2 protein chains.
Amino acid sequence: MVQSKIDSPVLIRELREIAGLTEEEIDSYMSLLVRKSIAKKDHFLMAGDVSTAVAYVNKGCLRRYILDSHAKETILNFALEDYWIGDLESLITQKPTIYYVQALEESELLLLSRKNLFRANEELPKFKKFHDDKVQRNHYYALKRLSIAKSATPEEKYLLLMKEQPQLFQRIPLHYIASYLGIEPESLSRLRKRIEINPHNS
Amino acid sequence: MVQSKIDSPVLIRELREIAGLTEEEIDSYMSLLVRKSIAKKDHFLMAGDVSTAVAYVNKGCLRRYILDSHAKETILNFALEDYWIGDLESLITQKPTIYYVQALEESELLLLSRKNLFRANEELPKFKKFHDDKVQRNHYYALKRLSIAKSATPEEKYLLLMKEQPQLFQRIPLHYIASYLGIEPESLSRLRKRIEINPHNS
């Protein structure tokens, strides 16, 4: 089945301007992606699954979370347009994932399968470098996120999220943001009121 | 100044058996490392420094921590023998680090400078692959640590540390472990007593 051409100007611009791919290489890379629509509340990944693809968010919004032994959810991050989401470790090692990835809006994903990731890395050395650099940057970012998770107060975490992903606050229910911050929804409401009243104290 | 040959059987075994380096390549890699002794309580890295080298712990024990705006310490991890420690991001980007790395015992580090890391990556492709794989694995591990930091209880974190780095409990003061777990030293003592009394409940 031949899919219609994928419309993804942001990804294409990145491949051109950051990865340095030629127009021909971009076409060849884009032909490795498969479009997938996912309904609101549907899961792209469930704990126990072995990942078959990583997903570029072309449109929509998803959350990644884990469930502890008491079935309590903890949200680890949100993915909006132009984020990649999935579990690269499970994709590479073919071990079951521990993560859930769920659409919070009707979303359009562009899937890069394991086979096609390996193919892109092999056939497009500039893509491989781009991908490796991204993994490395994500690693630095994960280490900083770990520092923040361990040391920052909920208020500091809230302000950082406002700075990094302000669109989230227009798009998703606040109880998800509370779960991300590790506080109760009522505490988040109080925190928001306090910051609105004294914005310069924050 | 010529340094005497570095005695590091564990690192050499890894380079031989995991990285697949030949004896000649191992010699050439080892010649890039510089031995550095560091006294107990001395810092290998301080926030604001631009990192000049990453360090392999040949002997000893160090901790990595951050200070928040109220000068409160949060310990992110401990490095024992056969761990690498430092800030690869600061080393690569030459931006100041946010981390402190301090020796908890008199330690012997083997330093790989920025120049020598680049040289090893260029001249020893097998080392580059070994290093890239390590960064990737560390990334997966950092993501799991992030999940744990956000969702696990102090007791769960304690049990995990006991499993992963049991030697720590013989080597370092408990208040450091409490800081790592994000609890007060008194809470850690109570937690330990409870687990000793009811080991099968944990």
Side-chain angles (χ1 to χ4, degrees), chain A residues 47 51 64-77 85-93 95 97-101 117 121 128-129 131-157 159 178-183 202, chain B residues 47 51 64-77 85-93 95 97-100 117 121 128-129 131-157 159-160 178-183 202:
Chain A
S51 164
R64 165 151 60 177
Y65 66 95
I66 49 171
L67 286 183
D68 70 13
S69 50
H70 309 289
K72 189 180 158 288
E73 286 181 5
T74 301
I75 297 183
L76 300 171
N77 63 293
I85 196 157
D87 182 356
L88 198 57
E89 176 172 16
S90 171
L91 187 77
I92 304 275
T93 62
K95 287 184 188 156
T97 183
I98 58 168
Y99 303 113
Y100 294 81
V101 175
L117 170 65
N121 274 338
K128 181 173 176 359
K129 185 169 184 319
H131 177 78
D132 288 348
D133 288 350
K134 208 183 258 283
V135 169
Q136 190 151 321
R137 271 201 314 280
N138 285 345
H139 179 48
Y140 303 153
Y141 185 64
L143 291 177
K144 287 208 178 116
R145 292 263 311 281
L146 182 61
S147 308
I148 292 163
K150 291 189 74 140
S151 75
T153 63
E155 177 163 336
E156 289 164 336
K157 289 178 198 169
L159 291 169
S179 158
Y180 172 84
L181 298 172
I183 58 178
S202 14
Chain B
S51 164
R64 167 154 53 179
Y65 66 95
I66 50 171
L67 285 183
D68 69 14
S69 50
H70 309 290
K72 189 180 159 288
E73 286 182 6
T74 301
I75 296 183
L76 300 171
N77 62 295
I85 196 158
D87 182 358
L88 197 58
E89 176 172 16
S90 170
L91 187 76
I92 303 275
T93 63
K95 287 184 187 156
T97 184
I98 58 169
Y99 304 113
Y100 294 81
L117 170 64
N121 275 337
K128 179 172 179 359
K129 184 167 184 324
H131 177 78
D132 287 348
D133 288 350
K134 208 182 256 284
V135 169
Q136 190 151 323
R137 271 201 316 279
N138 285 345
H139 180 48
Y140 303 152
Y141 186 62
L143 291 177
K144 286 208 178 113
R145 291 263 310 281
L146 183 60
S147 308
I148 292 163
K150 291 189 73 143
S151 75
T153 63
E155 177 163 337
E156 288 164 337
K157 289 178 199 171
L159 292 169
L160 196 66
S179 158
Y180 172 83
L181 299 173
I183 58 179
S202 15

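The figures here come from the full heavy-atom set of this structure, side chains too, leaving out hydrogens, waters and symmetry mates. In what follows, every chain begins at residue 1, and chains take the letters A, B, ... in the order their sequences are listed. Being a predicted model, the structure only gives us computed values, none of them experimental.
Residues passing the side chain to side chain contact (heavy atoms under 4.5 Å, CB included) test with A:Asp133 are A:Lys129, A:Arg137, sequence neighbours excluded. With sequence neighbours excluded, the residues that form a ring pair (Phe, Tyr, Trp, His ring centres under 6.0 Å) with B:Tyr180 are B:Phe78.
Here B:Leu143 contributes atom CG and A:Asp87 contributes atom CG; the two are 8.0 Å apart, rounded to the nearest 0.5 Å. Interatomic distance, OH of A:Tyr140 versus CD1 of B:Ile92, reported as 4.5 Å (0.5 Å rounding).
Side-chain contact between B:Ser147 and A:Thr74 is absent, with no heavy-atom pair separated by less than 4.5 Å.
Heavy-atom pairs under 4.5 Å with chain A were tallied for B:Gln136, B:Glu73, B:His139; the largest tally goes to B:His139.
Of the atoms belonging to A:Lys72, not a single heavy atom falls under 4.5 Å from chain B. If you measure heavy-atom distances from A:Glu156 to chain B, the contacts under 4.5 Å come from the side chain alone. Contacts of B:Leu88 with chain A are made by both backbone and side-chain atoms, with heavy-atom separations under 4.5 Å. Contact of A:Ile66 with chain B is made through the side chain alone, with heavy-atom distances under 4.5 Å.
Side chain of A:Lys150 to backbone of B:Gly182: no donor-acceptor contact under 3.5 angstrom is found.
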